[in-house]
Amino acid sequence: MPELPEVETIARDLDRAISGRRIAGAKLFWPKTFDVRGPSLRSLRGDRITRVHRIGKFVVMDLESGRHIAVHLRMTGQLIALANGSGRKAATDGAPRAPSDAKHTRLLLRFEDGGTLAFSDTRKFGRWRIVEGDVREALGIGVDPFDPALTPERLYELTRGRTTPIKTWLLDQRHLSGIGNIYASEALYDARIRPTRRAGRLSRAQSAALLHSLRKVMRKAISYRGSSVDDYVDGAGMPGEFQKKLAVYGRGGMPCRRCKTVIRRVVLAQRGTFFCPVCQL
DNA sequence: ATCAGCACCTGTTGGC
DNA sequence: TGCCAACAGGTGCTGA
């Protein structure tokens with residue numbers, strides 16, 4: 001469900017909605033949702049959220065105590081700030097139009113002022129954990145695609161000697177963090193690079209083009225508040241708009257928007273991968 | 001290093 | 001209508 005643009009959208013929404021709020025308590029409905037490594041859920045009581053931001057595909061809530069709540073939404077996780085404490089019941093006050101549905105609520109954070117942060121997750125893959133110390137290091141993920149330290153030359157260096165397909169390489173969060181299946185296909189299409197190309201065989205020019213396209217596509221996706229292909233909703237429960245702008249993802253069998261060639265679907269690293277066999281070399 | 005395969009889960013869709 | 005297989009935005013583990 002969520003890749004960098006979706007997680008960024010949610011984090012920005014939640015930063016506005018819940019920063020400054022003090023936690024009154026947490027309720028866990030599906031035990032595996034909470035990763036028991038690190039401090040307990042109970043220890044959150046009385047702590048205050050100072051900021052919400054994104055690290056890779058994690059929504060990170062900084063706490064007054066110096067700790068951090070790191071949430072990974074995996075495929076179907078949703079984080080929705082509810083104005084009142086509607087709990088597991090569907091919100092009836094009409095505030096969020098698509099409230100996290102009660103049936104799939106896995107964890108709730110209640111705030112002292114009565115507000116609630118609901119974590120809904122149909123497939124139960126999502127995870128919450130509390131981290132002390134350096135978050136990025138604890139999460140074991142690589143450089144952010146928007147980090148200025150990631151230059152075209154740096155991307156070129158990182159891919160040297162790698163024989164795995166570039167699309168597979170992009171999905172490995174230890175290399176770059178935040179890219180998922182949709183935007184890997186989209187960026188490679190934009191950069192006119194075939195997903196099956198060996199990472200180590202990219203030229204300097206292609207590395208530069210790829211970095212440019214990754215940023216361009218994801219920046220645009222953020223401006224459209226993410227892609228709602230299926231379950232994704234923002235921090236208020238509303239879908240994004242970028243799914244209407246996707247150039248190749250999910251368009252197998254349809255004509256390429258550049259050259260009309262039929263878009264092909266192949267499987268790489270067990271994931272559906274879309275590309276134009278003529279435009280992408 | 002890297003891959004396939006499977007695991008974790010539930011829901012939707014398409015074919016017969 | 002029913003049934004079943006395939007597939008879904010992600011990641012982690014095992015064994016080759």
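Order of the sequence lines sets the chain letters (A, B, ...), proteins ahead of strands, with each chain counted from 1. Note: hydrogens, waters and symmetry copies are ignored here, and every other heavy atom, side chains too, is used.
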Would you say a side-chain N or O of [X] is under 4.0 Å from OP1 or OP2 of [N]?
X: A/His72; N: C/dG10; value: no
X: A/Gln173; N: C/dG10; value: no
X: A/Arg127; N: C/dT11; value: no
X: A/Thr76; N: C/dA8; value: no
X: A/Lys124; N: B/dT10; value: yes

Could you measure between the two [atom1] atoms, the one in [N] and the one in [M], and give it in whole Å?
N: C/dA5; M: B/dC6; atom1: P; answer: 15 Å
N: C/dA6; M: B/dG5; atom1: P; answer: 13 Å
N: C/dG10; M: B/dA1; atom1: P; answer: 23 Å
N: C/dT11; M: B/dG11; atom1: P; answer: 22 Å

Please determine, for the side chain of [X], which listed nucleotide ([options]) has the closest atom?
X: A/Thr163; options: C/dG10, B/dC9, B/dT2; result: B/dT2
X: A/Arg265; options: B/dT2, C/dC7, B/dC6; result: C/dC7
X: A/Trp30; options: C/dT11, B/dC9, C/dG10; result: B/dC9

Could you state the [atom1]-[atom2] distance from [X] to [N], rounded to the nearest angstrom?
X: A/Leu4; N: C/dT11; atom1: CG; atom2: P; answer: 11 Å
X: A/Lys32; N: C/dT11; atom1: NZ; atom2: C1'; answer: 13 Å
X: A/Ile179; N: C/dG10; atom1: CD1; atom2: P; answer: 11 Å
X: A/Asp35; N: B/dC8; atom1: CG; atom2: P; answer: 17 Å
X: A/Tyr249; N: C/dA8; atom1: OH; atom2: P; answer: 6 Å
X: A/Arg271; N: B/dG5; atom1: CZ; atom2: P; answer: 16 Å
X: A/Leu73; N: C/dT11; atom1: CG; atom2: P; answer: 11 Å
X: A/Arg129; N: C/dG10; atom1: CZ; atom2: P; answer: 20 Å

Ring centroids of A/Phe125 and B/dC9 base under 5.5 Å with planes under 30°
no

Is there side-chain contact between A/Trp128 and A/Met61, with at least one heavy-atom pair below 4.5 Å?
yes

Indicate yes or no: at least one non-hydrogen side-chain atom of A/Tyr189 is less than 4.5 angstrom from one of A/Cys256.
yes

Name the residue closer to the 5' end of DNA chain B, choosing between A/Arg162 and A/Gln270 according to the nucleotide with the nearest heavy atom.
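It is A/Arg162, whose closest nucleotide lies nearer the 5' terminus.
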
Per-nucleotide protein contact along nucleotides 11-16 of chain B, 5' to 3', at a 4.0 Å heavy-atom cut-off (B base, S sugar-phosphate only, - neither), is S-----

Connected via hydrophobic side-chain network under 4.5 Å: A/Ile55 and A/Val59
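Different clusters: A/Ile55 never reaches A/Val59 through Ile, Leu, Val, Met, Phe, Trp or Tyr contacts under 4.5 Å.
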
Any side-chain to backbone donor/acceptor pair from A/Glu186 onto A/Tyr249? Under 3.5 Å, distance only.
yes

Can you tell me if CZ on A/Arg257 sees more than 12 non-hydrogen neighbours from other groups inside 6.0 Å?
yes

Would you find more than 12 non-hydrogen atoms of other residues, nucleotides or ligands less than 6.0 Å from A/Arg258 atom CZ?
yes

Sidechain N-carboxylate O distance under 4.0 Å for A/Arg204, A/Glu153
yes

What I want to find out is whether A/Arg225 reaches A/Glu6 closely enough, with some N-O distance under 4.0 Å, to be called a salt bridge.
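Between A/Glu6 and A/Arg225 there is no salt bridge, as every charged N stays at least 4.0 Å from the carboxylate O atoms.
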
Check every strand shown and say whether A/Pro165 touches a base, only sugar-phosphate, or nothing at a heavy-atom separation below 4.0 Å.
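Sugar-phosphate contact only - A/Pro165 comes under 4.0 Å of backbone atoms but never of a base.
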
Parallel, tilted or perpendicular: which one describes the rings of A/Tyr224 and A/Phe242, with boundaries at 30° and 60°?
tilted

Option among A/Asp134, A/Asp47, A/Asp62 that satisfies the salt bridge (charged side-chain N to carboxylate O under 4.0 Å, His left out) test with A/Arg67
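Only match with A/Arg67 under salt bridge (charged side-chain N to carboxylate O under 4.0 Å, His left out): A/Asp47.
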
Counting Watson-Crick and G-U wobble pairs with both distances under 3.5 Å, what is the dot-bracket string for DNA chain B, 5' to 3', using [ ] for crossing pairs and | for pairs to another strand?
.|||||||.|||||||

So, A/Asp121 versus A/Thr76: side-chain donor-acceptor pair below 3.5 Å or not?
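Per modelled atom types, A/Asp121 and A/Thr76 side chains form a pair under 3.5 Å.
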
